[in-house]
Amino acid sequence: MEALKDIDLQINQGEFVGIMGPSGSGKSTLLHMLALLDDVTAGTIIVDGTDVERLSSIQKTHFRLTKFGYVFQEYALLPELNALENVCLPLMMLGAPAREYRRAAMEMMETVGLSKRAKHLISQMSGGEQQRVAIARALVNHSRILFADEPCANLDTKNSGIVMNLLRRLCDEREQTIIMVTHEPEHMQFADRIIWIKDGMIEKEEKPG
């Protein structure tokens, strides 16, 4: 059984795209394939002019580290590290000097409004704060594309609004490309374009408002 069928999609730099559709429609599968978290069995994915399916496993890992950032509903932060140390991780993995990754991480903490919470452990932070730390971590390496899979699923209305407004601001101010899976209709207003998926196919596209 095919999870996705006849997907033909182009996403532009600096565009905020929402992917929506019923449960089991293929939303997360599409996101995972675009983000190189799952392998495709047919077709082509081109990112920044690179046919990523031609990359080796090691090349794909480096491509993800340098081009992509990921935000998940479960935050995926390391509880034994403080917020700043969590944000440092992508640059540490790329071998950046300590002074450089600490400076870049603190700048991202300021961008997401958490510079005063940088030394706090994850367990000492609210869900909304943890998600903002995850966003800072995803962007500390100047990711070209931010992939967000249900980033507000575990947040209350207030914190969801904070996170969504932050994503919109990053898109506007940094020309950050964002591809987000969501099931919340109220999130549509933050996106430039909504792609509706049904039964593994693009059902329609629309611009909010």
Side-chain angles (χ1 to χ4, degrees), residues 1-57 59-74 76 131 134-135 138-139 141-153 160 163-209:
M1 182 177 178
E2 294 177 318
L4 298 172
K5 294 169 280 189
D6 301 322
I7 299 291
D8 186 1
L9 177 63
Q10 178 174 318
I11 296 172
N12 299 316
Q13 180 181 342
E15 189 176 16
F16 191 157
V17 173
I19 301 174
M20 301 189 72
S23 296
S25 60
K27 304 186 300 296
S28 290
T29 299
L30 175 59
L31 186 83
H32 289 180
M33 287 185 175
L34 293 175
L36 303 187
L37 298 176
D38 288 337
D39 293 325
V40 302
T41 55
T44 303
I45 298 175
I46 308 260
V47 180
D48 263 0
T50 299
D51 182 349
V52 294
E53 288 308 307
R54 293 181 177 272
L55 300 178
S56 68
S57 232
Q59 289 172 325
K60 281 185 178 181
T61 297
H62 187 264
F63 197 90
R64 284 192 295 263
L65 277 171
T66 56
K67 299 283 188 180
F68 295 162
Y70 304 93
V71 178
F72 305 102
Q73 57 180 300
E74 298 293 343
Q131 195 60 294
I135 291 170
L139 298 178
N141 61 345
H142 301 288
S143 310
R144 296 297 300 275
I145 304 173
L146 174 65
F147 293 97
D149 193 358
E150 301 278 10
C152 300
S160 292
V163 168
M164 291 306 301
N165 277 293
L166 172 61
L167 292 176
R168 183 68 255 179
R169 178 167 62 84
L170 290 168
C171 182
D172 293 336
E173 295 180 359
R174 297 163 58 103
E175 293 189 353
Q176 181 67 52
T177 305
I178 300 174
I179 304 173
M180 178 186 70
V181 165
T182 182
H183 65 278
E184 300 291 348
E186 58 266 31
H187 293 170
M188 294 174 62
Q189 63 180 306
F190 295 95
D192 299 315
R193 178 164 50 122
I194 301 295
I195 298 166
W196 291 90
I197 302 291
K198 184 177 181 180
D199 297 330
M201 296 183 290
I202 295 178
E203 183 181 30
K204 63 179 179 179
E205 297 186 28
E206 62 179 328
K207 293 189 175 182

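Just so you know, these numbers come straight off a predicted model, no measurement behind them.
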(message) Which heavy atom of Gly21 sits nearest to which heavy atom of Trp196, and what is that distance?
(response) N-CE3, 4.1 Å
(request) Take atom NZ of Lys60 as the centre, draw a 6.0 Å sphere, and report whether it contains more than 12 heavy atoms from other residues, nucleotides or ligands. (result) yes
(message) Looking at Glu175 and Arg144, is there a salt bridge between them, counting it only when a charged N and a carboxylate O are closer than 4.0 Å?
(response) no
(message) Within this structure, what is the CD1-CG distance for the pair Ile195 and Leu9, rounded to the nearest 0.5 Å?
(response) 4.0 Å
(request) Look up atom CG in Leu36 and atom CG in Leu55, then write down how far apart they are to the nearest 0.5 Å. (result) 7.5 Å
(message) Could you check whether any side-chain heavy atom of Asn141 comes within less than 4.5 Å of a side-chain heavy atom of Thr66, counting everything from C-beta outward?
(response) no
(request) Specify the closest pair of heavy atoms between Pro208 and Gln189, including all atoms of both residues, with the distance to one decimal. (result) CB-CA, 4.3 Å
(request) Indicate the atoms forming the closest heavy-atom contact of Ala134 with Val71, along with that distance. (result) O-CG2, 4.0 Å
(message) Quick check against the 3.5 Å criterion: does Gln131 have a side-chain atom that pairs as donor or acceptor with the backbone of Pro151?
(response) yes
(request) Without swapping roles, check the side chain of Ser143 against the backbone of Leu146 for a donor-acceptor pair under 3.5 Å. (result) no
(request) Kindly say whether Pro22 contributes a backbone atom to a donor-acceptor pair with the side chain of Lys27 at under 3.5 angstrom? (result) yes
(request) Enter the distance from Leu170:CG to Asn165:CG here, rounded to the nearest 0.5 Å. (result) 11.0 Å
(message) A side-chain contact here means heavy atoms from C-beta on lying under 4.5 Å apart; do Asp192 and Arg168 qualify?
(response) yes
(request) Find out whether Asp8 and Ile202 are in side-chain contact, i.e. whether some heavy atom of one side chain is under 4.5 Å from a heavy atom of the other. (result) no
(message) Between Glu206 and Met20, is there a side-chain heavy-atom distance shorter than 4.5 Å?
(response) no
(message) Once you measure the plane-to-plane angle for Phe63 and Phe68, does it fall in the parallel (<30°), tilted (30-60°) or perpendicular (>60°) bin?
(response) perpendicular
(request) For residues Thr29 and Ile197, determine if any side-chain heavy atom of one lies less than 4.5 Å from a side-chain heavy atom of the other. (result) no
(request) Rounded to the nearest 0.5 Å, what's the gap from CD1 on Ile178 to CD1 on Ile145? Could you check? (result) 11.0 Å
(message) Strictly by side-chain hydrogen bond (donor to acceptor under 3.5 Å, both in side chains), give each pair with a member in residues 176-185 just once, sequence neighbours left out.
(response) Glu150-His183, Thr182-His187
(message) Nearest 0.5 angstrom please: Tyr70 OH to Ile135 CD1, how far?
(response) 16.0 Å
(message) Ignoring hydrogens, what is the shortest heavy-atom contact between Ile45 and Met33? Give both atom names and the distance.
(response) CD1-O, 3.3 Å
(message) Testing the basics here: between Leu31 and Ile179, what is the closest heavy-atom pair and its distance to 0.1 Å?
(response) CD1-O, 3.5 Å
(request) Rounded to the nearest 0.5 Å, what's the gap from CZ on Phe147 to CG on Leu37? Could you check? (result) 8.0 Å
(message) Show the nearest heavy-atom pair for residues Ala191 and Gly18, with the distance to one decimal.
(response) CB-N, 4.0 Å
